[in-house]
**Student:** 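One structure follows; several queries about it will come next.
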Amino acid sequence: MSKYPFSAIEKKWQAYWEENQSFAVTEDPSVPKEKRIYVLDMFPYPSGSGLHVGHPEGYTATDIYCRYLRMNGYNVLHPMGFDSFGLPAENYAIKTGTHPKITTERNIENFRRQIKSLGFSYDWSREISTHESEYYHWTQWIFLQLYKKGLAYESYTPINWCENCKTGLANEEVKDGKCERCGTPVVRKAIRQWILRITEYAERLLSGLDSLDWPESVKLMQRNWIGRSEGATVRFRIEGMDENLEVFTTRADTLFGATYMVVSPEHPLVEALTTEEQRSAVERYLKETSHKSDLERTDLAKEKTGVFSGSYAINPVNDERIPIWIADYVLISYGTGAIMAVPAHDTRDWEFAKKFNLPIIEVLKSDVDVQEEAWVEDGLHVNSGFIDGLDKHDAIEKMIAFLEERNLGERAINYKLRDWIFSRQRYWGEPIPLLHCETCGTVPVPEDRLPLLLPEVKSYEPSGTGESPLAKIDSWVNTTCPVCGGPARRETNTMPQWAGSCWYHLRYLDPHNTERFTGKEAEEYWMPVDLYVGGAEHAVLHLLYARFWHMVLFDLGLVSTEEPYQRLINQGMITSYAYQRKDKSLVPTDEVTEIAPETWIETATGEPLERVVAKMSKSLKNVINPDDIIHEYGADSMRMYEMFMGPLEVSKPWATAGLVGIYRFLDRIWRLYDEVEIVDEEPNEELLRTLHKTIKKVTEDTRDLAFNTAISQMMVLVNELYKEDVFPRSVAETFVKLLSPYVPHLAEELWEKLGHAPSVSKVQWPVWDEKLTVDTNIEVVFQINGKVRSKTMVRQGASKETLLSLAKDDAKIRSWLEGKTIVKEIVVPDKLVNLVVT
RNA sequence: GCGAGAGUGGUGAAAUUGGCAUACACGCCAGACUUAGGAUCUGGUACCUUACGGUGUAGGGGUUCAAAUCCCCUCUCUCGCACCA
């Protein structure tokens with residue numbers, strides 16, 4: 001008895017593909033536009049712990065799809081590379097003194113080896129790594145194009161700062177008031193920053209989503225993140241001052257209900273608004289809020305706080321004098337940093353008004369007493385002068401017209417999206433190619449002097465004062481101004497990790513170009529990316545930043561498409577099992593014993609445990625290492641199992657027992673080809689039908705990325721083949737072709753065993769004959785009142801009349817009909833007959 | 001709190017337009033076979049019932065000849081956002 005020798009087979013064919021450059025691709029002009037396809041995987045950050053089972057999931061899916069496309073005559077661009085700037089390598093350098101470049105490149109070696117060991121059909125000649133100067137040369141160059149377009153600016157405004165990472169963070173990198181990377185609570189810190197004006201693209205980033213074939217959930221997340229809202233700015237005169245207080249509101253129609261105003265503690269007018277009597281109280285309040293972390297400040301459960309400034313504004317619609325308060329529930333970063341408060345119809349304002357005894361005036365007809373609770377539903381206007389009786393829409397229109405006529409305000413649109421804080425005070429990133437000259441101000445490094453190389457440093461430790469380790473290298477920092485020749489200092493901030501991934505899809509097109517970031521012809525040949533597969537964690541960050549850069553490049557005439565990624569799919573997470581005590585705490589997998597099927601106890605205490613699904617984590621000891629799986633069961637088993645687990649988009653738990661099932665399936669296939677005599681006979685009718693059903697199902701499901709059901713159909717075919725005495729050659733050959741995208745090593749080996757020269761990856765995908773996929777005899781069910789009472793075999797396509805009379809003649813049906821009257825007859829050909837009786 | 005998605009056997013999961021619920025696989029049970037292997041092959045396996053039959057896709061209601069699928073309500077889980085005026 002033979003045993004499927006996966007290890008030898010996989011080594012052999014990986015070497016063959018490498019040697020023959022089987023998957024290298026060129027921009028062949030004879031291939032028509034619609035047969036050129038760009039399939040992109042999100043490239044990994046090469047961490048020290050190596051590939052995780054989650055990575056191969058998306059990579060296997062795209063690999064199967066690409067192999068399928070090639071066999072169908074497509075020219076397929078399918079590259080891989082590494083997102084190799086980032087904090088872990090730098091933190092490791094701080095701990096050990098090892099240069100991040102050394103760690104990074106060692107990790108890349110390991111990642112590349114692991115990825116290759118899965119037999120993916122990447123064009124490795126296009127591999128890139130973002131930390132290489134040949135690559136970041138062009139990241140810097142693109143930054144300069146943004147700078148020259150006025151999209152990069154310097155700012156000293158307070159930003160989110162992580163004490164642990166010792167760097168500033170973008171708003172998108174803050175989750176629940178904590179650093180997304182390490183969980184440290186984020187504090188506000190005023191340091192000099194480079195910021196990209198992504199808000200200038202807010203409208204296009206929003207409207208562009210409509211044209212994209214992306215999951216609705218991702219589009220929605222981006223829409224929410226951009227957060228467009230339509231409303232008006234309204235200017236309130238401040239009593240005794242020349243200044244106006246400007247607010248943004250989406251409900252200008254409730255202006256008659258504005259009983260007080262609130263400015264954020266950081267608002268520039270706070271100082272001027274504060275009267276002598278209130279000064280000490282205001283100062284105390286400002287001090288208090290400045291000590292709060294973002295987390296404390298945004299905690300919804302907490303009581304509202306605030307202080308009266310002492311000043312009054314004049315409500316422009318009724319000249320009422322209304323007090324101006326200072327409170328931290330108003331954010332400086334949204335709108336104008338000031339609001340008009342309408343406590344009757346806004347929960348936040350209502351809470352504040354109640355706490356500080358401010359008047360509450362109903363201006364929308366409410367079903368509740370607004371003194372008791374806020375009414376936030378719609379209602380016709382009351383107590384509102386010239387808009388009384390109007391509904392929301394008409395009232396807003398009329399109010400805005402009123403304001404615009406008197407120059408008291410105007411229609412306005414606001415976005416939640418903030419500009420992108422682009423600098424990091426760390427070492428391991430692209431140096432920002434700018435200089436600070438005493439006479440010329442900020443000067444870009446001339447393009448012909450790029451790349452601006454990352455210098456060597458003695459210590460990787462960030463200063464924590466807001467300066468990167470680069471600031472400590474005087475010889476690098478001090479330079480001459482390329483404009484005036486005078487002394488200048490280099491910018492010491494580096495770019496965030498997102499920079500490199502903003503445009504890598506363009507570098508793959510022409511990775512060795514030394515003259516340009518990418519070749520114009522190659523760009524026009526391939527772009528946009530037809531299918532982009534990666535994790536949902538990038539729904540906002542990477543995918544928004546990359547779209548922004550791409551749009552800028554499009555506006556500069558440097559790329560031919562406005563959007564980079566036409567179609568996007570998020571693969572689900574691969575989770576793992578974990579074992580839970582009654583108190584919901586989790587027990588590491590190696591401290592659990594399975595005492596009976598589906599029954600577990602904690603080994604040490606005997607406490608019964610429940611099996612739950614959890615994320616893989618080192619502490620739970622439930623992390624699966626792809627190297628181990630490949631070693632024990634082979635890459636083909638690993639690939640096929642990950643596809644068999646369930647639909648690509650949903651998260652699903654890893655179960656090695658399930659993997660064994662796939663291994664057995666591949667072993668069954670191997671033995672079929674190894675032990676059964678392959679004959680030059682035509683298959684019998686039954687087998688031929690299953691074969692054509694299989695071709696059809698595998699073709700359609702592979703096209704639709706529904707790999708799990710394609711695999712189960714292949715299993716059906718194999719099960720049937722095991723019942724046959726002989727193995728017709730035509731079936732054997734067709735089946736190998738169907739298998740080849742899924743288990744490419746095994747398929748190559750079988751193809752060779754069948755007497756063919758390699759490689760099966762280059763042969764034509766099989767086609768099915770629709771006639772042969774239809775069963776000639778079909779089981780039709782007979783129902784009485786919708787319940788199945790009998791079944792019978794009929795010829796496919798039998799007429800309604802035939803079916804009906806068959807049903808009425810059926811012995812069981814006849815007994816069910818006894819003493820009843822048929823009131824309705826429903827016949828669905830090839831499916832069922834339903835008789836409704838009373 | 002708001003928004004989105006999901007809930008089907010012991011387990012992972014299937015199921016065009018509403019048309020036999022549970023394909024395929026794991027596990028389990030039985031049998032066969034064996035140079036005892038990670039075996040392999042064949043068959044069985046939703047639940048209740050001796051049977052006839054009944055029940056069953058998170059729970060409840062509705063539409064329909066017919067609902068996992070469509071509509072309403074409730075519950076649970078996952079993800080995202082969270083004082084954005």
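A note on names: the letters A, B, ... follow the listed sequences, proteins ahead of strands, and every chain is numbered from 1.
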**Student:** Write down the distance separating the C1' atoms in B:U34 and B:C41, rounded off to the nearest Å.
**Tutor:**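 These two C1' atoms come out 11 Å apart once rounded.
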**Student:** Using a heavy-atom cut-off of under 4.0 Å over every strand shown, decide if A:Leu331 touches base, sugar-phosphate, or nothing.
**Tutor:**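 Result for A:Leu331 = base.
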**Student:** Please classify the nucleic acid contact of A:Ala655 as base, sugar-phosphate, or nothing, using heavy-atom distances under 4.0 Å.
**Tutor:**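 Here A:Ala655 touches no strand at all.
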**Student:** Can you tell me, in whole Å, how much space there is between the C1' of B:A15 and that of B:A67?
**Tutor:**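 The same atom, C1', in both gives a distance of 13 Å.
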**Student:** Report which part of the nucleic acid A:Asn834 touches: base, sugar-phosphate, or nothing (heavy-atom distance under 4.0 Å, all strands).
**Tutor:**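 Base: the residue A:Asn834, judged by heavy atoms under 4.0 Å, touches a nucleobase.
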**Student:** Can you tell me, in whole Å, how much space there is between the C1' of B:U76 and that of B:G27?
**Tutor:**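 Pairwise C1' distance, B:U76 against B:G27, rounds to 27 Å.
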**Student:** Please state the C1' separation for the pair B:G60 and B:C65 - nearest whole angstrom.
**Tutor:**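 Looking at atom C1' only, B:G60 and B:C65 are 24 Å apart.
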**Student:** Aromatic ring centroids of A:Tyr641 and A:Tyr663 under 6.0 Å?
**Tutor:**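 Judged by ring-centre distance (under 6.0 Å), A:Tyr641 and A:Tyr663 do not meet the cut-off.
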**Student:** For the side chain of A:Phe644, counting heavy atoms from C-beta on, which of B:G12, B:A82, B:G80 is nearest?
**Tutor:**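 Given the options B:G12, B:A82, B:G80, the side chain of A:Phe644 is closest to B:G12.
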**Student:** Only pairs with both distances under 3.5 Å count, Watson-Crick or wobble alike; so what is the partner of B:A25 in this structure?
**Tutor:**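 Result: B:U11.
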**Student:** Nearest whole Å is fine: how far is B:C81 P from A:Tyr334 OH?
**Tutor:**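 For the pair A:Tyr334 OH and B:C81 P, the rounded distance is 17 Å.
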**Student:** So what does A:Thr347 hit on the nucleic acid, given a heavy-atom distance under 4.0 Å: a base, only sugar-phosphate, or nothing?
**Tutor:**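 No contact.
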**Student:** By nearest atom, which of the nucleotides B:C26, B:G80, B:G12 is closest to the A:Met221 side chain?
**Tutor:**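 The answer is B:G80, which lies nearest to the side chain.
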**Student:** Base of B:C20, side chain of A:Lys831 - is there a donor-acceptor contact under 3.5 Å?
**Tutor:**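 Under the 3.5 Å cut-off, the side chain and the base do not form any donor-acceptor pair.
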**Student:** Determine the interatomic distance between P on B:A46 and the same-named atom on B:A21; round to the nearest Å.
**Tutor:**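 Taking atom P in both B:A46 and B:A21, they lie 14 Å apart.
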**Student:** Does A:Tyr577 reach a base, just sugar-phosphate, or nothing at all? Heavy atoms under 4.0 Å.
**Tutor:**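 Answer is sugar-phosphate: A:Tyr577 comes under 4.0 Å of backbone atoms only.
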**Student:** Looking for any heavy atom pair under 4.0 Å, which part of the strands does A:Lys219 touch: base, sugar-phosphate only, or nothing?
**Tutor:**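 The residue A:Lys219 makes no contact with any strand.
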**Student:** Within the 4.0 Å heavy-atom criterion, would you say A:Arg789 contacts the bases, only the backbone, or no part of the nucleic acid?
**Tutor:**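 The answer is sugar-phosphate, as A:Arg789 gets under 4.0 Å only of primed atoms, P, OP1 or OP2.
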**Student:** Considering every strand and a 4.0 Å limit on heavy-atom distances, what is the contact class for A:Lys787: base, sugar-phosphate, or nothing?
**Tutor:**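 Here A:Lys787 touches the backbone only, sparing every base.
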**Student:** Would you mind checking if A:Glu57 and A:Lys652 are paired as a salt bridge, meaning a charged N to carboxylate O distance below 4.0 Å?
**Tutor:**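 Salt bridge: yes.
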**Student:** Which part of the nucleic acid, if any, lies within contact of A:Val781, taking any heavy atom under 4.0 Å across all strands shown: a base, the sugar-phosphate backbone alone, or nothing?
**Tutor:**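 Since a base atom lies under 4.0 Å of A:Val781, the category is base.
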**Student:** Using heavy atoms to find the nearest nucleotide of RNA chain B for A:Glu216 and A:Gln783 separately, return the residue whose nucleotide is more 5′.
**Tutor:**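 So the residue in question is A:Glu216.
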**Student:** Taking A:Glu686 first and then A:Arg689, would you say they form a salt bridge - that is, a charged N and a carboxylate O separated by under 4.0 Å?
**Tutor:**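 Yes.
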**Student:** Between A:Arg228 and A:Asn414, is there a side-chain donor-acceptor contact under 3.5 Å, judged purely by atom types and distance?
**Tutor:**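 No donor-acceptor contact under 3.5 Å links the two side chains.
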**Student:** Check every strand shown and say whether A:Asp349 touches a base, only sugar-phosphate, or nothing at a heavy-atom separation below 4.0 Å.
**Tutor:**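 The answer is nothing, as A:Asp349 stays clear of every strand by at least 4.0 Å.
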**Student:** Using a strict threshold of under 4.0 Å (side-chain N to carboxylate O), is an ion pair present between A:Lys219 and A:Glu216?
**Tutor:**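 Here A:Glu216 pairs with A:Lys219 in a salt bridge, since their nearest N and O are under 4.0 Å apart.
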**Student:** Could you please name the option among B:C65, B:G3, B:C20 that lies closest to any side-chain atom of A:Val836?
**Tutor:**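 Looking only at heavy atoms from C-beta outward on A:Val836, the closest nucleotide is B:C65.
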**Student:** For B:G19 and B:A30, measure between their C1' atoms and round to the nearest Å.
**Tutor:**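 It comes out at 36 Å once rounded to the nearest Å.
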**Student:** For B:U16, take OP1 and OP2 only and decide whether either is under 4.0 Å from a side-chain N or O of A:Lys697.
**Tutor:**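 So the side chain of A:Lys697 is outside the cut-off, no N or O lying under 4.0 Å from OP1 or OP2 of B:U16.
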**Student:** Determine which pairs satisfy salt bridge (charged side-chain N to carboxylate O under 4.0 Å, His left out) with at least one residue from residues 821-830 of chain A, sequence neighbours left out, and list them in order.
**Tutor:**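 Of all non-adjacent pairs touching residues 821-830 of chain A, those that pass salt bridge (charged side-chain N to carboxylate O under 4.0 Å, His left out) are A:Lys808-A:Glu825.
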**Student:** What does A:Val828 touch in the nucleic acid at a heavy-atom separation under 4.0 angstrom: a base, only the sugar-phosphate, or nothing?
**Tutor:**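 Base contact.
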**Student:** Is any side-chain nitrogen or oxygen of A:Ser229 closer than 4.0 Å to OP1 or OP2 of B:A85?
**Tutor:**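 For B:A85, OP1 or OP2 has a side-chain N or O of A:Ser229 closer than 4.0 Å.
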**Student:** Counting Watson-Crick and G-U wobble pairs only, both distances under 3.5 Å, name the nucleotide matched with B:G1, or none.
**Tutor:**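 Across any shown strand, B:G1 pairs with B:C81.
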**Student:** By a strict heavy-atom criterion of less than 4.0 Å, which residues belonging to residues 814-827 of chain A are in contact with RNA chain B?
**Tutor:**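 A:Lys824, A:Ile826 - these, ordered by number, are the residues of the stretch whose heavy atoms sit under 4.0 Å from the strand.
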**Student:** Rounded off to whole Å, could you give me the CD1-to-P distance for the A:Ile784 and B:C20 pair?
**Tutor:**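 These atoms are roughly 17 Å apart.
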**Student:** Quick check on side chain to side chain donor-acceptor pair (under 3.5 Å): which of A:Asp253, A:Thr249, A:Thr254 does A:Arg251 satisfy it with?
**Tutor:**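 The passing option is A:Asp253.
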**Student:** Syn or anti: how is B:G9 classified when any glycosidic angle within 90° of 0 counts as syn?
**Tutor:**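 Here the answer is syn: the torsion falls within 90° of 0.
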**Student:** When the C1' atoms of B:U8 and B:U55 are compared, how many Å lie between them, rounded to an integer?
**Tutor:**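 The answer is 15 Å between these two C1' atoms.
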**Student:** With a 4.0 Å cut-off on N to O distance, would you call A:Asp810 and A:Arg814 a salt bridge?
**Tutor:**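 Answer for the salt bridge query: no.
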**Student:** Let me know, please, whether A:Tyr641 or A:Ser712 comes out on the 5' side of the other along RNA chain B by nearest nucleotide.
**Tutor:**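 Between the two, 5'-proximity favours A:Tyr641.
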**Student:** Are A:Asp210 and A:Arg223 within salt-bridge range, i.e. N to O under 4.0 Å?
**Tutor:**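 Yes.
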**Student:** Rounded to whole Å, please give me the gap between CG in A:Leu220 and P in B:G3.
**Tutor:**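 Interatomic distance, CG of A:Leu220 to P of B:G3: 11 Å.
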**Student:** Using the benzene-type ring in the case of Trp, are the ring centres of A:Trp325 and A:Phe352 under 6.0 Å apart?
**Tutor:**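 Between A:Trp325 and A:Phe352, the centre distance is under 6.0 Å.
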**Student:** Mind checking if A:Lys652 touches a base, just sugar-phosphate, or nothing, with heavy atoms under 4.0 Å?
**Tutor:**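 Sugar-phosphate, backbone atoms only, no base.
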**Student:** May I ask you to evaluate whether A:Arg671 reaches the phosphate of B:C41, defined as a side-chain N or O under 4.0 Å from OP1 or OP2?
**Tutor:**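 A:Arg671 to B:C41 OP1/OP2: side-chain N or O found under 4.0 Å.
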**Student:** Please classify the nucleic acid contact of A:Gly661 as base, sugar-phosphate, or nothing, using heavy-atom distances under 4.0 Å.
**Tutor:**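 Counting heavy atoms under 4.0 Å across all strands, the contact made by A:Gly661 is with sugar-phosphate only.
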**Student:** Could you tell me whether the phosphate oxygens of B:G37, OP1 or OP2, come under 4.0 Å of any side-chain nitrogen or oxygen in A:Arg664?
**Tutor:**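 The answer is no; no side-chain N or O of A:Arg664 sits under 4.0 Å from OP1 or OP2.
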**Student:** Return the nucleotide paired to B:A66: Watson-Crick means purine N1 to pyrimidine N3 with N6-O4 or O6-N4, wobble means G-U with N1-O2 and O6-N3, both under 3.5 Å.
**Tutor:**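 Base-paired to nothing in any strand shown.
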**Student:** Would one find a side-chain N or O of A:Asn708 under 4.0 angstrom from OP1 or OP2 of B:A25?
**Tutor:**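 No, no such contact exists.
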**Student:** Just wondering, do A:Phe236 and A:Glu246 contact through their side chains at under 4.5 Å, heavy atoms?
**Tutor:**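 Not in contact.
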**Student:** Please report the distance separating the P of B:U11 from the corresponding atom of B:C47, rounded so that it comes out in whole Å.
**Tutor:**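 About 12 Å, rounded to a whole number of Å.
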**Student:** Using the side-chain heavy atoms of A:Lys791, tell me which of these nucleotides is nearest: B:C83, B:C41, B:C20.
**Tutor:**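 It is B:C20.
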